[in-house]
Protein chains: 2
Amino acid sequence: MTGTDGRLARGERTRNTVLDTAVALASEAGLDGLSLGQLADRLHVSKSGLFAHWSSKEELQLAAIEHARDQWARRVVGPALDRPRGIRRLFALHESRLAFYSERVLPGGCFFAIAEFESAGRAGTVPDRLAAVLAEWITLLERLVTEAVELGELPPDTVPRRLAFEIDAAGVAALLHSRLLARSLDDARQAVLARLRGLATDPDLLPHH
Amino acid sequence: MTGTDGRLARGERTRNTVLDTAVALASEAGLDGLSLGQLADRLHVSKSGLFAHWSSKEELQLAAIEHARDQWARRVVGPALDRPRGIRRLFALHESRLAFYSERVLPGGCFFAIAEFESAGRAGTVPDRLAAVLAEWITLLERLVTEAVELGELPPDTVPRRLAFEIDAAGVAALLHSRLLARSLDDARQAVLARLRGLATDPDLLPHH
DNA sequence: ATATAAAAAGAACGACCGGTCGCACACTTT
DNA sequence: AAAGTGTGCGACCGGTCGTTCTTTTTATAT
């Protein structure tokens with residue numbers, strides 16, 4: 001009987017554990033600041049043991065990106081997609097993003113934000129992949145805006161790209177200031193809520209406060 | 001006759017040159033990522049020569065913060081304060097910030113943004129000083145909003161803290177995405193312009209597009 | 001039981017990190 | 001002229017970085 005090789009299963013489990021910690025550490029120090037020595041120490045593992053699973057730091061970084069993307073899809077995008085299409089789903093996405101920050105799922109707040117800042121202007125496989133994931137996120141926001149327009153919940157002259165930018169901006173700033181300005185997460189929620197209620201053809205689809 | 005010690009003058013000149021480059025490098029790699037070796041190489045100077053002016057990397061980091069703050073005050077805040085008080089000055093501040101980014105004054109875009117991300121959640125003299133400078137910036141934005149309200153150019157029920165947050169958020173997101181999304185700077189301008197024109201008692205005080 | 005292959009440890013590498021030291025030069029003060 | 005001070009260099013320190021190589025442990029397959 002084959003199919004469940006305990007060795008492979010153990011490796012898979014190890015990889016997952018390592019990537020969990022790697023994403024958490026990188027959310028604080030960035031993908032560059034992430035050090036294999038510190039990562040190994042945190043996991044009570046030898047540094048060379050990591051090379052049994054990834055052949056270089058860059059490969060581990062790329063794996064961490066995919067891991068963080070999965071986490072984001074599961075914890076932020078997933079719950080929003082449970083809501084009905086349109087303006088409610090759009091706002092729910094913004095709210096679950098803010099919840100991800102306020103629940104401190106990652107100690108640094110957000111893996112992608114610091115990674116994007118860090119790799120701005122640089123070239124390479126890692127920045128390329130990060131750019132692709134970011135484009136995915138912006139496209140998702142734009143698509144939800146477009147759907148709300150098509151459903152008649154937002155006015156037809158809405159510019160999806162700009163509204164998506166505005167909503168994302170609130171999230172980015174909330175994260176950046178969350179350590180310093182206590183109310184930044186609440187400000188980000190209220191700002192987008194007020195903006196969407198101002199635009200919505202039926203504001204009652206959204207919470208009142 | 002005293003007052004012009006050639007040695008002191010030379011030192012002052014050197015310090016300024018070093019800090020210019022330090023701020024530029026730190027805008028890309030962050031204050032942590034800033035390496036004394038790379039900084040010295042870029043300036044065609046020996047590493048130990050840097051220690052003739054600052055006793056540790058942390059002191060150089062603190063000096064770089066003050067240098068970047070001066071630069072920001074001169075190139076962003078100063079021009080805006082030439083405009084008449086009120087909503088025009090408020091929007092001018094946003095515009096000169098975006099100009100600072102689009103002119104690529106710093107190769108990384110903004111010294112403070114990456115420094116703030118990097119030092120989020122950490123303790124120490126450097127994060128403390130960065131927090132103080134950020135608070136200064138937010139306070140300035142809030143004050144300009146408040147002035148516009150007092151002049152009757154914005155409605156009396158305006159919440160200065162929230163509007164300041166919204167304007168800052170557009171700037172932060174514009175910077176973060178400027179490397180990837182070509183129109184992010186224009187989006188940030190249009191978003192704030194539309195928002196302020198929507199609120200203003202006299203929209204003609206602001207540009208039309 | 002034994003062969004096999006994945007997982008992990010351990011030691012060592014060259015490069016770079018922030019930092020220290022002594023020394024030389026330029027300039028001012030006495 | 002001598003002493004003192006600001007500036008800057010080159011050599012070097014202990015430590016950490018990513019990486020490589022060899023060896024040992026662990027679990028499956030035969």
Side-chain angles (χ1 to χ4, degrees), chain A residues 1-22 25-26 28-65 115 118-119 122 124-127, chain B residues 1-22 25-26 28-65 115 118-119 122 124-127:
Chain A
M1 167 120 180
T2 176
T4 51
D5 189 324
R7 294 170 303 183
L8 295 181
R10 181 158 68 110
E12 193 58 34
R13 210 178 330 121
T14 302
R15 264 185 289 275
N16 255 294
T17 308
V18 172
L19 290 179
D20 276 342
T21 305
L25 283 181
E28 292 185 297
L31 273 173
D32 268 31
L34 175 67
S35 130
L36 297 184
Q38 288 173 11
L39 179 59
D41 282 357
R42 172 78 63 101
L43 290 158
H44 305 291
V45 156
S46 74
K47 214 166 41 159
S48 54
L50 299 176
F51 282 89
H53 301 278
W54 300 276
S55 59
S56 69
K57 183 183 182 179
E58 189 182 25
E59 283 208 14
L60 192 150
Q61 289 174 324
L62 290 170
I65 293 175
E118 187 177 39
S119 75
R122 273 188 266 182
T125 315
V126 168
Chain B
M1 171 121 180
T2 177
T4 53
D5 188 325
R7 296 170 303 178
L8 297 182
R10 182 156 67 110
E12 192 59 33
R13 209 177 332 119
T14 302
R15 263 185 290 274
N16 254 294
T17 308
V18 171
L19 289 180
D20 275 342
T21 305
L25 283 181
E28 293 184 296
L31 273 173
D32 268 31
L34 175 66
S35 132
L36 298 184
Q38 287 174 11
L39 180 57
D41 282 356
R42 171 79 63 103
L43 291 158
H44 304 291
V45 156
S46 75
K47 208 169 47 162
S48 53
L50 298 176
F51 283 91
H53 300 277
W54 301 276
S55 60
S56 69
K57 183 183 182 180
E58 189 183 25
E59 283 208 13
L60 193 150
Q61 289 175 324
L62 291 169
I65 293 175
E118 187 177 40
S119 75
R122 273 188 266 182
T125 315
V126 168

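Letters A, B, ... are given to chains in the order of the sequence lines, protein chains preceding strands, and every chain is numbered from 1.
Checking the phosphate oxygens (OP1, OP2) of C:dA7, no side-chain nitrogen or oxygen of A:R13 falls inside 4.0 Å. Contact annotation: A:T14 reaches the phosphate of C:dA8 (side-chain N/O to OP1 or OP2, under 4.0 Å). Between A:H44 and C:dA8 there is no side-chain polar atom (N or O) within less than 4.0 angstrom of OP1 or OP2.
Under the rule for a side-chain hydrogen bond (donor to acceptor under 3.5 Å, both in side chains), the partners of A:D20 that lie at least two apart in sequence or sit in another chain are A:H67. A:R122 pairs by the salt bridge (Lys or Arg N to Asp or Glu O under 4.0 Å) definition with A:D32, not counting sequence neighbours. A:S48 is linked by a side-chain hydrogen bond (donor to acceptor under 3.5 Å, both in side chains) to A:S46, counting only residues two or more places apart in sequence or in another chain. Judged as a side-chain contact (heavy atoms from CB on, under 4.5 Å), and not counting sequence neighbours, the contacts of B:T21 are B:L25, B:L39, B:R42, B:L43. Taking the side-chain hydrogen bond (donor to acceptor under 3.5 Å, both in side chains) definition, one finds that A:E59 meets it with A:S55, sequence neighbours left out.
A:W54 has its CH2 atom 16 Å from the P atom of D:dT20, to the nearest Å. Rounded to whole Å, atom P of D:dT7 lies 16 Å from atom CG of B:L43. Here the P atom of nucleotide C:dG18 and the CG atom of B:L31 are 12 Å apart, to the nearest Å. A straight line from CG of B:D41 to P of C:dG18 spans 11 Å, rounded to a whole angstrom. If you take CZ of A:F51 and P of D:dG18, they are 8 Å apart, rounded to a whole angstrom. The distance between atom CG of A:L50 and atom C1' of D:dT20, rounded to the nearest whole Å, is 14 Å.
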Return the polar atom pairs (N/O with N/O) between nucleotides 12-17 of chain C and the protein under 3.5 Å, or none.
unit_1: C:dC17; atom_1: OP1; unit_2: B:S35; atom_2: OG; d: 2.8

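Nearest to the side-chain atoms of A:S46 among the listed nucleotides C:dA8, D:dC9, D:dT19 stands C:dA8. The side chain of A:H53 lies closest to C:dA8, out of C:dG19, C:dA7, C:dA8. Residue A:R15 places its side chain closer to C:dA7 than to any other of D:dG8, C:dA9, C:dA7.
A 4.5 Å side-chain heavy-atom check between B:L62 and B:W54 finds every atom pair outside the cut-off. Put simply, the side chain of A:V18 does not reach to within 4.5 Å of the side chain of A:V45, judged on heavy atoms.
Side-chain atoms of A:S48 come within donor-acceptor range of the base of C:dG10, with a qualifying N/O pair under 3.5 Å.
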